[in-house]
Amino acid sequence: MMKQKKKHLWLKIPIIALLVLLLIFAALRCYFRLPVADYYAASQKSFMIPGTNDGFVAQGLEFDEADSRFLVTGYMKDGTASPLYLVKPDARHPEKTVYLAKSDGSPYSGHAGGLSLYNGLIYVADGSELGLYVYDYKSIIEADNDASVSAIGFFPTHTSDDSFIKPSFTAVYDGYLFVGEFFRDVDYPTPDEHKLITKNGDYQQALGVFYAFDHQCEFGIDPEPVAVCSLPDQAQGICFNNEKIYVSTSWGVNKSHILVYDADAVVRQDDIMILGKKLPLYAFDSAALSADKAIAPMSEELIVVGDKLYVMCESASNKYVFGKFTSAQWCYATELNFFE
């Protein structure tokens with residue numbers, strides 16, 4: 001009789017475990033999705049973020065209009081070479097994967113942040129080395145799947161040990177490359193010179209710099225910056241679309257935010273000395289803010305394609321896991337009018 005009871009108990013354990021997992025799934029889904037239900041209602045799944053079950057932590061997002069494909073960068077949890085994925089819209093699997101290498105051919109295993117594509121070159125932000133790794137896009141297109149592709153060079157965003165921008169994300173805007181940094185107190189500090197009170201009274205602690213594209217310069221960029229912008233804390237990405245500026249901010253399991261600024265309302269501040277030059281300073285602050293929309297946690301880079309805003313997210317990676325329960329393994333496309 002006792003043996004029969006034990007047998008029945010062992011049969012119940014898998015059922016109980018399954019019920020517990022289903023309850024956890026439901027709880028996580030409700031906790032992270034319900035507070036931003038309006039965001040999901042205005043969005044649709046685009047493509048599945050590559051590598052979420054393989055240790056990849058997604059960061060950067062770009063779109064190749066000529067061939068209608070997304071480019072996704074990030075880093076590997078185990079410190080192996082950082083991949084770059086080519087992904088078609090609405091795809092469940094990447095079209096191609098290449099692994100980034102430095103100019104000398106050694107694997108690039110850094111925190112590959114944001115990326116931008118312009119005039120046949122890809123610029124990948126690297127905060128630890130204070131600059132951008134530059135890759136020939138044609139070489140990536142022609143490379144075999146899973147091949148290693150070496151950078152053609154490195155574009156520094158520093159002029160001295162105490163004058164630099166620590167690249168976290170990038171964006172192309174009207175013939176310029178914008179390179180921005182991330183600030184969070186203690187974890188990700190910025191120099192005191194980057195902290196300022198804007199004319200509208202906002203205290204902001206991160207900067208972004210505009211560089212002009214110039215095909216006559218090495219790596220297609222004039223090394224002399226032309227302007228600086230003050231950024232909100234915890235900025236993870238930026239994109240420019242017509243007269244709107246979209247900034248993704250996030251940290252941890254808190255709700256992310258998409259801050260929308262009117263370009264015409266951005267106010268010029270006092271000039272600032274940085275990167276060896278005195279530059280005009282502008283502020284993406286509350287004076288120009290037209291909308292603040294909460295979205296799912298751990299947003300990263302973002303880009304406008306057509307009439308939709310696409311946002312990269314890292315929460316479904318093996319590093320953070322919880323996004324696997326909330327459908328965050330998908331890159332979502334959101335109607336732009338949601339952010340009005």
Side-chain angles (χ1 to χ4, degrees), residues 18 20-63 69-97 99-100 109 111-115 168-169 182 184 234-237 248-258 293-303 305 308-334:
L18 178 60
V20 169
L21 286 174
L22 288 173
L23 286 172
I24 292 173
F25 174 84
L28 286 171
R29 196 169 179 83
C30 289
Y31 181 82
F32 288 111
R33 288 181 67 99
L34 285 181
V36 290
D38 57 343
Y39 162 68
Y40 284 107
S43 307
Q44 62 185 37
K45 294 175 180 176
S46 175
F47 63 89
M48 186 168 281
I49 299 171
T52 54
N53 295 320
D54 301 323
F56 176 67
V57 186
Q59 302 290 296
L61 180 64
E62 178 61 293
F63 186 70
R69 64 162 65 92
F70 290 94
L71 286 69
V72 178
T73 52
Y75 62 95
M76 297 300 292
K77 181 184 176 185
D78 62 3
T80 54
S82 301
L84 187 153
Y85 297 103
L86 306 182
V87 188
K88 286 292 188 179
D90 304 321
R92 285 182 170 268
H93 303 285
E95 174 188 12
K96 179 187 288 186
T97 305
Y99 292 92
L100 302 179
S109 57
H111 190 297
L115 81 160
S168 177
F169 51 89
F182 177 88
R184 186 177 188 272
Q234 300 178 6
Q236 300 275 14
S248 158
T249 66
S250 71
W251 180 257
V253 298
N254 300 314
K255 287 182 287 188
S256 302
H257 289 262
I258 303 299
K293 291 292 188 177
I295 68 168
M298 294 194 167
S299 65
E300 294 292 328
E301 269 205 324
L302 68 174
I303 191 167
V305 180
K308 292 182 174 61
L309 184 74
Y310 293 74
V311 183
M312 188 49 56
C313 180
E314 63 180 354
S315 69
S317 65
N318 287 348
K319 182 176 180 179
Y320 300 110
V321 180
F322 72 88
K324 299 179 191 297
F325 298 94
T326 63
S327 298
Q329 64 269 43
W330 291 89
C331 178
Y332 283 86
T334 311

> What distance separates Gln236 CD from Phe169 CZ, expressed to the nearest 0.5 Å?
Replying inline: 8.0 Å
> Between Met76 and Ser109, is any pair of side-chain heavy atoms under 4.5 Å apart?
Replying inline: no
> Hey, does Leu302 have a side-chain heavy atom less than 4.5 Å from the side chain of Ile258?
Replying inline: yes
> Are any of the side-chain heavy atoms of Pro35 and Lys255 separated by less than 4.5 Å?
Replying inline: yes
>> With ring-ring contact (aromatic ring centres under 6.0 Å, His included) as the test, pick out the partner of Tyr310 among Trp330, Phe47, Phe63, Phe70.
In response: Phe70
>> Measuring only between side-chain heavy atoms, which start at C-beta, is Tyr320 closer than 4.5 Å to Met298?
In response: yes
> Shortest non-hydrogen contact from Ala328 to Cys313?
Replying inline: CB-SG, 4.2 Å
>> Going by the rule side-chain hydrogen bond (donor to acceptor under 3.5 Å, both in side chains), which residues pair with Arg184 if we only count those two or more places apart in sequence or in a different chain?
In response: Asp187
> Side-chain contact, heavy-atom cut-off 4.5 Å: Val36 with Lys293?
Replying inline: no
> How long is the span from the CE atom in Met312 to the CD1 atom in Ile49, to the nearest 0.5 Å?
Replying inline: 4.5 Å
> Can you tell me how far OG of Ser248 sits from CD1 of Ile295, rounded to the nearest 0.5 angstrom?
Replying inline: 6.0 Å
> Run the side chain to side chain contact (heavy atoms under 4.5 Å, CB included) check on Gln234 and Phe182 step by step: do they pass?
Replying inline: CA-CA 5 Å; Gln234 300 178 6; Phe182 177 88; 3.8 Å; yes
>> Enumerate the side-chain hydrogen bond (donor to acceptor under 3.5 Å, both in side chains) contacts for residues 51-61, please, sequence neighbours excluded, ordered by first and then second residue.
In response: Asn53-Lys324, Gln59-Glu314
>> I'd like to know whether Leu115 forms a side chain to side chain contact (heavy atoms under 4.5 Å, CB included) with Glu301, so could you lay out the CA-CA distance, the side-chain angles of the two residues, the decisive distance to 0.1 Å, and finally the verdict.
In response: CA-CA 9 Å; Leu115 81 160; Glu301 269 205 324; 4.1 Å; yes
>> Quick check: closest heavy atoms across Val321 and Asn318, and the distance to 0.1 Å?
In response: CG2-O, 3.4 Å
> To the nearest 0.5 Å, how far apart are CZ in Phe322 and OG in Ser315?
Replying inline: 4.5 Å
>> Could you tell me if Tyr332 and Lys308 have a donor-acceptor pair between their side chains, going purely by distance under 3.5 Å?
In response: no
>> Determine whether Tyr75 and Lys319 satisfy the following criterion, side-chain hydrogen bond (donor to acceptor under 3.5 Å, both in side chains), listing intermediate values before the conclusion.
In response: CA-CA 11 Å; Tyr75 62 95; Lys319 182 176 180 179; 2.8 Å; yes
> Which pair of heavy atoms, one from Thr334 and one from Ser43, lies closest together, and at what distance?
Replying inline: OG1-OG, 2.7 Å
> Tell me, do Val87 and Pro50 make a side-chain contact under 4.5 Å, heavy atoms counted?
Replying inline: yes
>> Nearest 0.5 angstrom please: Leu61 CG to Ile303 CD1, how far?
In response: 6.0 Å
> So how far is it from Ser299 OG to Trp251 CH2, rounded to the nearest 0.5 Å?
Replying inline: 12.5 Å
>> Test of understanding: with side-chain contact (heavy atoms from CB on, under 4.5 Å), list the residues that count as partners of Lys88, not counting sequence neighbours.
In response: Arg69, Ala91, Glu95
> Below 4.5 Å, heavy atoms only, C-beta onward: do Asp90 and Ser46 meet side chain to side chain?
Replying inline: yes
>> On a heavy-atom basis, which atom in Pro83 and which in Thr97 lie closest, and how many Å separate them?
In response: CB-CG2, 4.1 Å
